[in-house]
Amino acid sequence: MSDERFSSVVAPRPGAAVALRPVTRGRVRGGFWGARQRVNREVTIPLGGERVRDSGAFGNLRLAARGARREEPGKEHRGKVFADSDVYKWLEAVAWERGRAEDDDLARAYKEAAELVVAAQCADGYLHTHTQLTGRRRYSDLASSHELYCAGHLMQAAVAGRRATGDHTLLEVATRFADHLVKALPPEALDGHPEVEMGLAELHRETGGRPYLDLAARFVAVRGHALIPLKGHHGPGYRQDRVPVREATTVEGHAVRAMYLAAGATDVAVETSDLDLLAALERQWRDMVATKTYLTGGLGSNWYGEAFGGHHELAPDTAYCETCAAIGSVQWSWRMLLATGQAAYADLMERTLYNAVLSGISLGGDRFFYVNALRVRAGADRDDLRAPARGRQDWYGTACCPPNVMRLLSSLDHYLATQDGDGVQLHLYAPGTVRAGSVLLEVETGYPWTGRVEVVVRQAPDRPWTLSARIPAWADPAGVDGRPAEPGAYHRIRRTWRAGDRVVIDLGIRPRLTAAVPRLDVARGQVAVERGPLVYCLEQADHPGVIVDDLCVAGPGLADGTAVAGLPADVVPVIARGRVHVHREYDGGFPYRTAAAPPEPEHAGPAELTFVPYYAWANRGAGPMTVWAPMHPR
Ligand code: FUB
Ligand code: ZN
């Protein structure tokens, strides 16, 4: 395959109201993300195929194929109502991988699974194995059935297949299903779980079919009028059906649903040049960042409803921070970045990728976190299978997160850079290449361990154009070619570039202490350690003989450490001066005292604290961990 095949998860149409457009092709080659992509390809995706098969999801398609052909529904469906989406997300990952490098095993696996999908589709284009096999009336329980949620994932997988490899197999299935939806759905039908909006928008972009975009726009417009039947204790906000998207000032309810809806609504806004809708989404995004986002970029502070909490309700230990919500956040921020060109969107994307997303998968690529809390106490509850105190799991009964990580890692190349009429913008730093029309750039860097990024122009048109490099908000000081660069913005250099020209970006990576605004009460008096885009944590494995809960930071001095036992050699730990903080007189009874004479903490001695990247925690067994630690200079 030619290196120049256009490959992008999101591809706005020519008339779309976007500031930036995807480049022809980004390629990560080696480095931090290259290593993760290699594990994804060699370990996670093959293992994912086995787990999806073991869960019964391929079997459901096989049964539906028989039932659909013979019109005799009623065979036993295995797994959740959204089991089909696991197949589709996994297929999407395989497709993007095939686009990165074709491989017989991947091609065979893709073909076999795609043929099952083709066979399972009903003659009129409908496809949802749970409905087909249970005989439930189609669209009769859209609040819970996930029929359109699965359709959306099918559409995204289909578009990936086409863009990555030119394979039309799934695109035909997705198009027939979408045609059916356009005709068959009652005007006020809404899926309880947004997702189909993004799928329809991308199908429109890929095929030019306007009715697909119109249907997505209708879903966005109809939502928020409390039309979805309520289930259980949840109010309409849980399914984002309380306030219309264009009136909402914040994100609420189930966090994954909220992110998928916002991302799909952004697609609709830019494709229809609906600037009011876009302004509403910008407002919601800003409120989310200001009041509902964890330091890691994680989203969702409530286990109940897997949902956002109120403003500044960001307890680290009970955080839900579902891996899928972080992925949805990356999808939304990327779309907002394309729409506006503003660096803040890329900043959040990067924070979320390196921390809240990456924590969802083990270094070996074979174990997963569903919930990504920022603190696990000694003796934390392990009852729920998702409890971080149990450590990462092989798979989950609700397996939405693992294949979501797979498809994101296999398409990560698409998020490196963009282009506009004036030039090329670099957003994420990884070694590799960026092809944008007649421009070819090569990037060399050890990021995020070092802050030095070298960009070499390999091909360029013979006219002036602008190379823009994102300077993350934390990068202070930062420089480009020895001149100061402003953090939180794009550093722009306009000239007629020649092959061989080189730009050196220095992002001044060094460890730093971070505190939260006082209103974030759960973090008052505490600090976190960050280094470049990485959030760090204290993990039990590095502090034998003491409990992480008792550690506090004693001073502002931080230093890079050397390799940590049990973690890859390139991982840079951060060393801090600390103390072990105990109350010797505390008898283990009722833990409260009069405020008039609070017990003075006693320091059981100095301690050297070793902070490790949050994404890497729980790779040496599960145990206590914390991102925030008390700051006690005395
Ligand atoms: O409902 C489908 C997926 O299952 C959601 O996105 C996740 O939160 C999990 O509940
Ligand atoms: Zn999930």
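Counting starts at 1 for both ligands and their atoms, in listed order.
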May I have all residue pairs that pass side chain to side chain donor-acceptor pair (under 3.5 Å) and include part of residues 312-321, sequence neighbours excluded? E306-Y320, D317-R377, Y320-R386
Can you report which non-hydrogen protein atom sits closest to [atom], along with the distance?
{"atom": "atom 1 (O) of ligand 1", "value": "H146 NE2, 2.7 Å"}
{"atom": "atom 5 (C) of ligand 1", "value": "H193 NE2, 3.4 Å"}
{"atom": "atom 10 (O) of ligand 1", "value": "E306 OE1, 2.7 Å"}
{"atom": "atom 9 (C) of ligand 1", "value": "Y370 OH, 3.1 Å"}
{"atom": "atom 7 (C) of ligand 1", "value": "E322 OE2, 3.2 Å"}

Do Y149 and ligand 1 have an N or O pair less than 3.5 Å apart? no
Do R205 and Y212 have a side chain donor and acceptor closer than 3.5 Å? no
Donor + acceptor pair across side chains of Q121, R176 (<3.5 Å): yes
Taking the basic N atoms (NZ, or NE/NH1/NH2) and the acidic carboxylate oxygens, is any pair closer than 4.0 Å for [X] and [Y]?
{"X": "D124", "Y": "R138", "value": "yes"}
{"X": "R242", "Y": "E247", "value": "no"}
{"X": "D141", "Y": "K231", "value": "yes"}
{"X": "D383", "Y": "R390", "value": "no"}

For the pair H146 and F82, name the ring-plane relationship: parallel under 30°, tilted 30 to 60°, perpendicular over 60°. tilted
Give the intermediate values and the outcome of side chain to side chain contact (heavy atoms under 4.5 Å, CB included) for residues D267 and E197. CA-CA 8 Å; D267 286 334; E197 298 78 2; over 6 Å; no
Taking only heavy atoms of [X], which atoms of ligand 1 are found under 4.0 Å from at least one of them?
{"X": "T398", "value": "4 (O), 9 (C)"}
{"X": "V256", "value": "6 (O), 8 (O)"}
{"X": "F82", "value": "1 (O), 2 (C), 4 (O)"}

Measure the distances from the heavy atoms of C324 to every atom of ligand 1 and state whether one is below 4.0 angstrom. no
H254 heavy atom under 4.0 Å from ligand 1: yes
Which protein atoms of type N, O or S are found under 2.8 Å from the Zn ion (ligand 2)? E322 OE2, C324 SG, C400 SG, C401 SG
Using atom types as modelled and distance alone, determine if a side-chain donor or acceptor of W33 lies under 3.5 Å from a backbone N or O of V28. no
Minimal heavy-atom distance between K292 and V251, with the atoms involved, is NZ-O, 2.7 Å
